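Numbered from 1 within each chain, the chains take letters A, B, ... in sequence-line order. Computed from a predicted model, the values in this text were never measured in an experiment.
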Number of protein chains: 2
Amino acid sequence: MRTGERRPTLADVAAEAGVSVALVSIVMREAPGASAATRQRVLEVARRLDYQPDSRARLLRSGESRLLGVVFSVRHPFHDDLLTGLYDAADKQGYELTLSAVTPRRDERTAIAGLLQDRCAALILLGPLAPTAELATLADRLPVVVMTRAVRHRAVDVVRTDDSRGLQLAVDHLVELGHRRIAHVDGARWVASADRRQGYRDAMRRHGLEEFVRIIPGGSGEEDGARAARLLLDDPPTAVAVFNDLAATGLLDVLRRHNLDVPGDISVVGYDDSSFSALAHIDLTTVAQDIDTMATLAVSRAVERVAGAQVVHRETVIAPRMVIRGTTGPPR
Amino acid sequence: MRTGERRPTLADVAAEAGVSVALVSIVMREAPGASAATRQRVLEVARRLDYQPDSRARLLRSGESRLLGVVFSVRHPFHDDLLTGLYDAADKQGYELTLSAVTPRRDERTAIAGLLQDRCAALILLGPLAPTAELATLADRLPVVVMTRAVRHRAVDVVRTDDSRGLQLAVDHLVELGHRRIAHVDGARWVASADRRQGYRDAMRRHGLEEFVRIIPGGSGEEDGARAARLLLDDPPTAVAVFNDLAATGLLDVLRRHNLDVPGDISVVGYDDSSFSALAHIDLTTVAQDIDTMATLAVSRAVERVAGAQVVHRETVIAPRMVIRGTTGPPR
DNA sequence: ATGAAAGCGCTAACAT
DNA sequence: ATGTTAGCGCTTTCAT
C-alpha cells in the first residue's frame with residue numbers, strides 16, 4: 001500500500017548519508033568532484049530511499065532543458081515509426097523527449113501549447129498542418145524542426161523525404177518491368193502531392209513517355225483511391241502509382257471487384273510503406289521513407305539550434321527507396 | 001528570426017503592468033483577489049508580451065501536479081484510439097496528460113521511469129507487460145491504473161474489457177446466423193487469451209454445441225492466424241472466431257488462397273476493431289472494445305486516487321460489442 | 001485589492 | 001573533496 005509520505009528529496013538523501021545536498025547533487029549528476037567512497041555511499045542511500053530526481057526542479061534551476069517536444073498524430077502509422085526513431089536518436093544525444101498528440105478532438109495548436117508550457121528546448125513537428133507564417137512565429141520563440149513536409153522559412157529547419165524522387169523511383173520500377181501506360185493518382189490538396197505529381201511528370205518525360213502521362217485526381221484516403229479506380233476502369237492503364245498506401249488499397253479493392261488481376265492486368269505502387277501494406281492480404285509494392293535517418297537528423301538539427309548554432313535555414317531532403325512486394329509485375 | 005532573449009516571466013509582466021508578481025500570479029491562475037480592472041490590464045500585458053506560464057515552476061511550487069502519465073505502445077492501433085479518449089477525459093477533469101512511449105527499442109521500465117521523474121500525480125498504463133509484483137511496487141509510490149489487462153492487487157485499479165463476454169458475443173452472432181461448427185483460434189500465451197478461450201467454451205456450452213468445440217493454437221500476429229488456417233483446411237468448420245484482427249487477416253488470406261469463399265464457405269470474426277479491419281479490402285466482422293468509456297473511467301479512477309480517496313482495489317470490466325461487417329454470413 | 005517575503009527541489013558559484 | 005549560498009519562476013502565507 002502507498003505510504004502517504006512525500007517522495008524523498010536530495011536533502012533527505014544528504015541527511016541520511018551525512019553529507020551536503022550539493023555533494024549529493026554532484027553524485028546524482030555524475031559530475032566530477034566527489035570521492036569514490038562518498039559517491040558509493042550516496043548512491044547506496046539514494047537507492048535505499050528509492051530517490052528519484054525531480055526533473056522539473058532540475059530543469060528549472062539549470063536553465064537548460066535537454067527536453068525536446070514532439071507533436072505527432074495518432075492514427076498515422078508513419079508517425080509511430082518516426083517516434084521510435086526519435087527516441088533512439090534523442091537518447092543517443094542525451095536529450096529527453098516529451099510527446100504531445102494531435103487527435104481527432106485535440107488540435108495541433110493545443111498540442112503545441114502544452115509543450116510550450118513544459119519549456120521544451122526545441123520542437124519537432126511531424127507533418128504539421130499549420131501555415132508557414134504560424135510556424136515562423138513559433139520559431140521566433142524556440143528552435144522548430146518540421147518533418148515530412150516542406151516549409152520555406154529561414155527560421156524553420158526541415159527534414160523530409162524527396163517526394164519527387166519517390167514517384168520517380170516508382171515510375172522507374174514500373175518502366176523497368178516493361179510498363180509504358182503508367183497513370184498517377186495524386187493526393188489532391190495534400191502538402192506532398194505537388195512534389196509527387198512533379199516527380200511522376202519528370203520521370204515519364206525522362207523515359208520518353210510523355211504521351212502516356214495521365215493524372216487522376218485522388219486524395220489520401222481509401223475512398224479517394226476507390227473513386228480514382230472507377231475513373232480508370234473505362235480505359236485501364238497497365239500500371240498506377242498512387243499518392244499513398246491507403247488510397248492504393250482503396251484502388252486495389254475496386255480493381256479486384258471488377259475482376260482485374262493485380263499485377264497481371266494492372267500493377268499498383270503505393271507510398272509510405274505503412275504498417276498494413278506488408279500484410280499478406282495487401283502485399284503492396286510501395287515507396288518507403290528512410291525513417292531512422294530522418295529521425296536522427298531531426299534530433300541533430302534541434303540539438304544544434306538549442307546549442308545556439310547560428311545556422312541559416314536548412315532543409316534536409318532524404319532519398320526514399322522502393323519496397324517491392326506483390327502488386328507489381330510485368331504487363332501482359 | 002528568434003531573438004536571443006529569454007521568454008518573459010511573471011516578473012516581466014508584473015513590471016510592465018506596474019503591479020506585483022503575486023497579483024499577476026492571481027490573475028494568471030484566475031484565482032479570486034484581483035479587481036476587474038487590474039485583471040484586464042495584466043491579461044492585456046501578458047498577451048502583448050506573449051507570456052507563457054512555466055508549468056515546471058508552477059508544479060514545483062504548488063506541490064500538486066494535475067499531471068497524468070500515460071505509457072502506451074507504438075504500433076498498437078488500439079492504443080492510439082485509447083489516447084484520443086484519454087485526452088478528452090483528462091481535459092474534462094482539468095488534468096494534463098504526459099505521454100511516454102514503449103517502442104521496439106525502448107522498454108516499459110524506461111518509459112515508466114521517465115514519467116516518474118516528471119512527478120506525475122498518477123500513472124495510466126496501457127496493456128503493461130510488467131508482472132503484478134512490479135506494478136504493485138509502483139503503486140506503492142503513486143496511483144496506478146492499468147488498462148486492457150487484469151491485475152489482481154489491491155493497490156492497482158484496472159479498467160478493461162470483458163474479454164470472455166467478447167468471445168461469447170462472437171459465438172452468439174455466429175449461432176444466430178445458423179452456424180454450429182464454430183472453431184476458435186486462440187491467442188497462445190497472451191494475457192487476454194485465457195479469458196477469450198473461456199468465453200468461447202462457455203458460449204458453445206450454452207448453445208448446446210459442446211461436441212463442436214474446437215480450439216486451434218494461434219497467437220497475436222498475422223502469421224499465427226495463417227498457421228492456424230492451415231491446420232483448419234483438412235476439415236474446415238463453417239465459422240471461426242479468432243483471437244484478434246491481425247491473426248484473423250492472416251487466416252483470411254490463407255483461406256482465400258485455397259479458394260474458400262468468405263463468408264460463403266466460412267465466416268470469420270476478429271477482435272479489437274483495429275483500424276485496418278474497416279478497410280474495404282478486409283471488411284472484418286469483429287468484437288469492439290468501448291474505448292471512450294474505458295478512457296473516461298481510467299482518468300476518473302486516477303483522479304480519485306490522486307485526490308486521496310481511500311479506495312480499495314477496483315476492477316472495472318466494460319462490455320464489448322459486435323461490429324458486423326462482411327466476413328460473416330449464414331452457412332451454406 | 002495589493003504587496004513583501006518565503007520556499008518548492010534542485011544546480012552552480014564560490015567558498016573552504 | 002566538501003560545504004555554503006544564492007537563486008530558477010512560480011505559488012502561498014501573511015501583511016498592509
Side-chain angles (χ1 to χ4, degrees), chain A residues 5-43 45-46 49-67 94 96 116-121 141-142, chain B residues 5-43 45-46 49-67 94 96 116-121 141-142:
Chain A
E5 303 164 36
R6 56 171 181 59
R7 333 243 289 248
T9 70
L10 264 197
D12 297 326
V13 178
E16 187 76 11
V19 293
S20 71
V21 281
L23 202 46
V24 179
S25 170
I26 285 172
V27 173
M28 296 313 296
R29 283 177 290 136
E30 302 181 32
S35 69
T38 306
R39 210 171 275 274
Q40 176 148 352
R41 185 157 39 90
V42 168
L43 247 23
V45 171
L49 262 44
D50 199 16
Y51 167 76
Q52 293 262 358
D54 185 328
S55 64
R56 314 202 97 93
R58 229 210 263 264
L59 267 43
L60 178 58
R61 170 63 236 222
S62 65
E64 252 333 300
S65 96
R66 304 194 88 69
L67 223 205
E96 305 271 307
L116 250 26
Q117 299 205 163
D118 288 344
R119 288 296 187 272
C120 298
R141 312 173 40 117
L142 81 176
Chain B
E5 304 164 35
R6 55 170 182 62
R7 331 238 296 244
T9 69
L10 264 197
D12 297 324
V13 177
E16 187 76 11
V19 293
S20 71
V21 280
L23 203 45
V24 178
S25 171
I26 285 172
V27 173
M28 297 312 295
R29 282 177 292 136
E30 302 182 30
S35 69
T38 306
R39 209 170 277 274
Q40 175 148 354
R41 187 156 38 91
V42 168
L43 247 23
V45 171
L49 261 44
D50 199 16
Y51 167 77
Q52 294 262 358
D54 184 327
S55 63
R56 298 167 311 175
R58 232 213 262 264
L59 266 44
L60 179 57
R61 173 62 236 224
S62 64
E64 253 333 299
S65 96
R66 304 194 87 67
L67 224 203
E96 307 270 307
L116 251 25
Q117 300 205 164
D118 287 344
R119 289 296 188 272
C120 298
R141 312 174 39 116
L142 80 176

Value rounded to 0.5 Å, distance of [atom1] in [X] from [atom2] in [Y]:
{"X": "A:L43", "Y": "A:E30", "atom1": "CG", "atom2": "CD", "result": "8.0 Å"}
{"X": "B:C120", "Y": "B:R141", "atom1": "SG", "atom2": "CZ", "result": "11.5 Å"}
{"X": "B:L59", "Y": "B:S65", "atom1": "CG", "atom2": "OG", "result": "5.5 Å"}
{"X": "A:I26", "Y": "A:R39", "atom1": "CD1", "atom2": "CZ", "result": "8.0 Å"}

Neighbour count above 12 (heavy atom, 6.0 Å) for B:Q40 CD: no
From [atom1] of [X] over to [atom2] of [N], roughly how many Å is that when rounded to an integer?
{"X": "A:Q40", "N": "D:dT2", "atom1": "CD", "atom2": "P", "value": "13 Å"}
{"X": "B:L23", "N": "D:dT12", "atom1": "CG", "atom2": "C1'", "value": "14 Å"}
{"X": "B:L60", "N": "C:dC8", "atom1": "CG", "atom2": "C1'", "value": "4 Å"}
{"X": "A:L10", "N": "C:dC8", "atom1": "CG", "atom2": "C1'", "value": "13 Å"}
{"X": "A:L59", "N": "C:dT11", "atom1": "CG", "atom2": "C1'", "value": "11 Å"}
{"X": "A:R56", "N": "D:dC10", "atom1": "CZ", "atom2": "C1'", "value": "13 Å"}
{"X": "A:D54", "N": "D:dG9", "atom1": "CG", "atom2": "P", "value": "16 Å"}
{"X": "A:R66", "N": "C:dC10", "atom1": "CZ", "atom2": "P", "value": "19 Å"}

Given [N], is OP1 or OP2 found less than 4.0 Å from the side-chain N or O atoms of [X]?
{"X": "A:S25", "N": "C:dT11", "value": "yes"}
{"X": "A:T9", "N": "C:dG9", "value": "no"}
{"X": "B:S20", "N": "C:dG3", "value": "yes"}
{"X": "B:R58", "N": "D:dT11", "value": "yes"}

Nearest-neighbour nucleotide for the B:S62 side chain, D:dT11, D:dG9, D:dG3 considered: D:dT11
Pair B:S25, B:R29: side-chain N/O donor-acceptor within cut-off below 3.5 Å: yes
B:R56/B:D54 ion pair, N-O < 4.0 Å: yes
Base C:dG7 to side chain B:R61, donor-acceptor N/O within 3.5 Å cut-off: yes
Proximity to DNA chain C (any heavy atom under 4.0 Å), residues of residues 26-38 of chain A only: A:R29
